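This one's a predicted model, so the numbers in the text were calculated from it and none came from an experiment.
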Amino acid sequence: MQTKDSLRRVMKYACILYFPILLLYLELVFHLYMRLRMAYFPIIVCFAVSLGMLVSALVNCFSKRTRHILTSVFSLFLAVLFCVEMICRRILQQYFQLFSALDTAAGNRLGDYRNAVVKALEQNWIGLLLMLVVPGMMCAIQVFRIDTFGIKIKTDTKKRWPLQKRLLFLYRFTAVPMIGCVVFYLLTLAMVYLYPWEGDFTPEKLYAMDTNTDDQVEQLGLLTMLRLDCKHMIFGSNSNMDISLEQLADAENEKAVQDEEIAEEVAEPEIDTSPNVLELDLQKWIDEAPNEDVKWLSEYIQTVTPTRKNEYTGMFENYNVIFITAEGFSGYLIDETLTPTLYRLTHEGFVFNRFYSALHFTSTSGGEFQNLTGLYPKNGFPVSMKETGEQGISLPFTLANILQPLDYTCIGFHFNENMYGRALSHPNLGYDWRQCSECLNLLTKEINQEGDAYWPQSDDYMVEQSLQEYLTKEPFHIYYLTLSGHLPYGFESNQMSKRNQEAVASLPYSEKTKSYIAANLELEKGLTRLVNALEEAGIADRTLIVMAPDHIPYSDIDVIEELAGRSFGKDSLESLNEKSVDFDVYKNSLIMWTAGMEESVTVNKPCCQVDILPTVLNLLGLDYDSRLLAGRDILSDSEPLVVFFSSSWLTDKGSYNRFTGTFTPALGVSMTDEEIQAYTERIKAIAACRLQMTSIIIENDYYRLVTGL
């Protein structure tokens, strides 16, 4: 009898402690399963307990029956939320903020990822089970009214409590949890703001940011990341950078003077080395800025050293331009025998030996954004490319927006539905945009034996169907967004892999790797068809072909490792985790080719996707302001910088690991500790500023403001 009384007292107060314990359990399991650092877990504990107390207080305001229903509903909702975020991180290598997840689900064809989702569920069933077991047990107790330790849990009562007893209950089970909520919340804030955390991204910085979701989840917890997303969506966030622009300007000016002296010594007098800038009154937007963000960005741009024109400026003036964003492409698959056209295009023309397609948020849309705008996409909601289309943001430096007024035919093609809002974003980029739902008369879907459209669609078929749209309409600028290389990779789940299965049957690779190669053979066929058509039309020597990936096959790092013949890190097979992954996993192939080049040009300078647009603009001899882009002309004497997902970075001088805070000089580079310290701080500041530019440009329509275009 005494045992039952004790259990009754425990059960009586379980309605206060259940949600704090549940949230703490979910955060703990999530952190352990996803192999996140536990150094910040005291913060997460307090946040979880605080939020759990709040939920308990709200639930206890209702009647007993309603309390049981709400407990079951909230338990399942929270568990499913953690499961969804786990699967999103495994498939897309990023967490989804609440609003961006809803936006993606509403606007995109998530069925395209159906097989990938099924695969992720199978591979992560242990983690999913651990997430669901406790909420599942609670729901079972509530639904079936299980007699626990001889205590019958009832969900209804006909007795009405007197007022005094009701008030006492509310005090004990609502007011007390609310007090606990406030106490733990204040304790958490004390840890966030008062403890001397170290590193580039501290809990204090992350608590004020609406980006860097990976770090927010690791240091503040998944639920806090989602709460901050809701807060910033409703009230906005502060974009100002905690960077001394005066110090950055001094360092940049000193370097600019050194570069000027070097240029005067080595430059040939007949080469125009004037800066790539427009006449902009930036001081006006410092003095009359509508907000602090515009002022900050204008001040930052004034510190930027512009790139200079060079011997390659105007080399392809008035050329036709075909730009291809290759879905899920890795240059490690290129083979002289199996993919002769890809091999030819990457070994002729300009040969970029240190090009990286560093993953930067929102998957294909983020890769496209880098390729086409020369800017880094925002880390978080809203999706940068989609936002530019929905808001009609001015993007005057995109190829189509510059070339269209010069009487170029500018058309974009993609054999898919309206993913990521491209029906608005790509016309805003300057293209006459053609995707399946808008132009079925042109881009007729292939049909398989079952009567359903192939998934994914054929890149070769896309080229075949579109060639006659522009071959006789010079000058032209054509954009292709390919699809054949889309995940998942399997001969049963990918129709393009199935189509080319025989061609890869004898290769010494696993079935998944052979399937990946087979899917990309449709791109090889499409490029072969394209080059042959240009040569037959007699315009191959005045047509520039540019091709870059949107991203590597980030959910299948084992495929890249097999193709490269080496491992890229201890955690690479399970998740693309830059704490322990070699950055060469991002090493890729960039094509800039025309039949008119008599000999190839080898470029050993580190470069990445945001550098493509300014490089092509300079090759075409077009006017633009290099200070307003995050990328730099690869062929200029500009300082190289490759920024990765985690804000680690790579230059010609060496690489910086943001997690350890260490800079490793490149082979042959000698620097003192003082030089390393000064160099690291300067490049860190530049990288942070370039990452921050995009949000301010989009949110304030900055290009339209300062250029009038």
Side-chain angles (χ1 to χ4, degrees), residues 210 236-257 259-260 272-309 369 372-378 382 384 387-399 401-402 404-406 428-430 610 613-614 617-618 622-633 636 638-639 682 685-709:
D210 63 345
S237 62
N238 184 8
S239 305
N240 291 326
M241 300 295 297
D242 185 21
I243 294 174
S244 172
L245 291 181
E246 291 184 4
Q247 184 177 359
L248 183 59
D250 292 340
E252 287 295 290
N253 289 335
E254 181 180 348
K255 184 179 182 303
V257 170
D259 292 344
E260 183 75 27
D272 179 7
T273 58
S274 60
N276 279 309
V277 295
L278 301 177
E279 293 185 8
L280 303 177
D281 187 2
L282 291 173
Q283 190 60 45
K284 172 185 177 181
W285 299 108
I286 295 175
D287 298 335
E288 303 176 13
N291 55 54
E292 288 299 315
D293 286 345
V294 170
K295 179 180 179 181
W296 178 88
L297 183 55
S298 300
E299 289 176 339
Y300 163 66
I301 291 171
Q302 283 195 328
T303 72
V304 175
T305 302
T307 60
R308 293 182 174 276
K309 296 175 183 176
F369 191 78
L372 299 180
T373 69
L375 297 169
Y376 290 107
K378 181 179 178 180
S384 297
E387 188 74 0
T388 61
E390 291 180 343
Q391 302 299 326
I393 302 301
S394 173
L395 296 170
F397 304 123
T398 65
L399 281 173
N401 278 332
I402 290 182
Q404 194 176 61
L406 302 178
N428 189 59
L429 294 170
V610 294
L613 178 62
L617 290 175
N618 185 69
L622 300 170
D623 293 330
Y624 74 104
D625 196 314
S626 58
R627 299 171 299 173
L628 298 181
L629 301 177
R632 295 292 180 265
D633 175 10
S636 72
S638 63
E639 189 174 29
R682 183 173 69 85
I686 292 173
C689 290
R690 291 185 186 179
L691 289 173
Q692 183 63 30
M693 287 176 65
T694 302
S695 295
I696 300 176
I697 289 171
I698 293 177
E699 291 168 8
N700 297 277
D701 205 356
Y702 186 80
Y703 285 157
R704 194 187 310 275
L705 201 66
V706 299
T707 68
L709 300 174

Can you check whether Lys309's main-chain N or O pairs, donor with acceptor, with Asp272's side chain at less than 3.5 Å?
-> no
Does a donor on one side chain sit under 3.5 Å from an acceptor on the other, for Asp293 and Asn700?
-> no
Can you check whether Tyr300 reaches Met693 side chain to side chain, under 4.5 Å on heavy atoms?
-> yes
When every non-hydrogen atom of Leu429 is compared with those of Leu372, the smallest separation belongs to CD1-CD1, 3.7 Å
Measure the shortest side-chain to side-chain distance between Leu709 and Asn401 over non-hydrogen atoms and say whether it is less than 4.5 angstrom.
-> no
Any donor-acceptor pair under 3.5 Å linking the side chain of Ser626 with the backbone of Pro306?
-> no
Flag the pair Trp296 / Gln692 as yes when at least one side-chain heavy-atom distance between them is below 4.5 Å, and no otherwise.
-> yes
Taking the side chain as every heavy atom from C-beta outward, state whether Leu617 and Leu613 have any atom pair closer than 4.5 Å.
-> yes
Could you check if a side-chain atom of Leu375 sits within less than 4.5 angstrom of a side-chain atom of Phe397, using non-hydrogen atoms only?
-> no
All heavy atoms of Ser638 vs all of Thr307, minimum pair found to be CB-CG2, 3.7 Å
Atom pair CG/CG of Leu282 and Asp625 - distance to nearest 0.5 Å = 7.5 Å
Could you give the distance from OH (Tyr703) to CG (Leu628), rounded to the nearest 0.5 Å?
-> 5.5 Å
Quick one: side-chain hydrogen bond (donor to acceptor under 3.5 Å, both in side chains) partners of Tyr376, sequence neighbours excluded?
-> none
Shortest non-hydrogen contact from Thr373 to Leu629?
-> O-CD2, 3.4 Å
Would you name the heavy atoms of Lys378 and Ser384 that are closest together and state the gap between them?
-> N-OG, 2.8 Å
For Asp623, all residues meeting side-chain hydrogen bond (donor to acceptor under 3.5 Å, both in side chains), sequence neighbours excluded = none
Kindly indicate whether the side chain of Gln302, heavy atoms from C-beta on, has any atom under 4.5 Å from the side chain of Arg627.
-> no
Phe369 and Ile698 have their tightest heavy-atom pair at CZ-CD1, 4.3 Å
So, the side chain of Asp633 versus the backbone of Arg308: is there a donor-acceptor pair under 3.5 Å, distance only?
-> no
Where do Pro614 and Tyr624 come nearest, in terms of heavy atoms and distance?
-> O-OH, 3.5 Å
Side chains of Ile286 and Lys295: does their closest heavy-atom pair fall under 4.5 Å?
-> yes
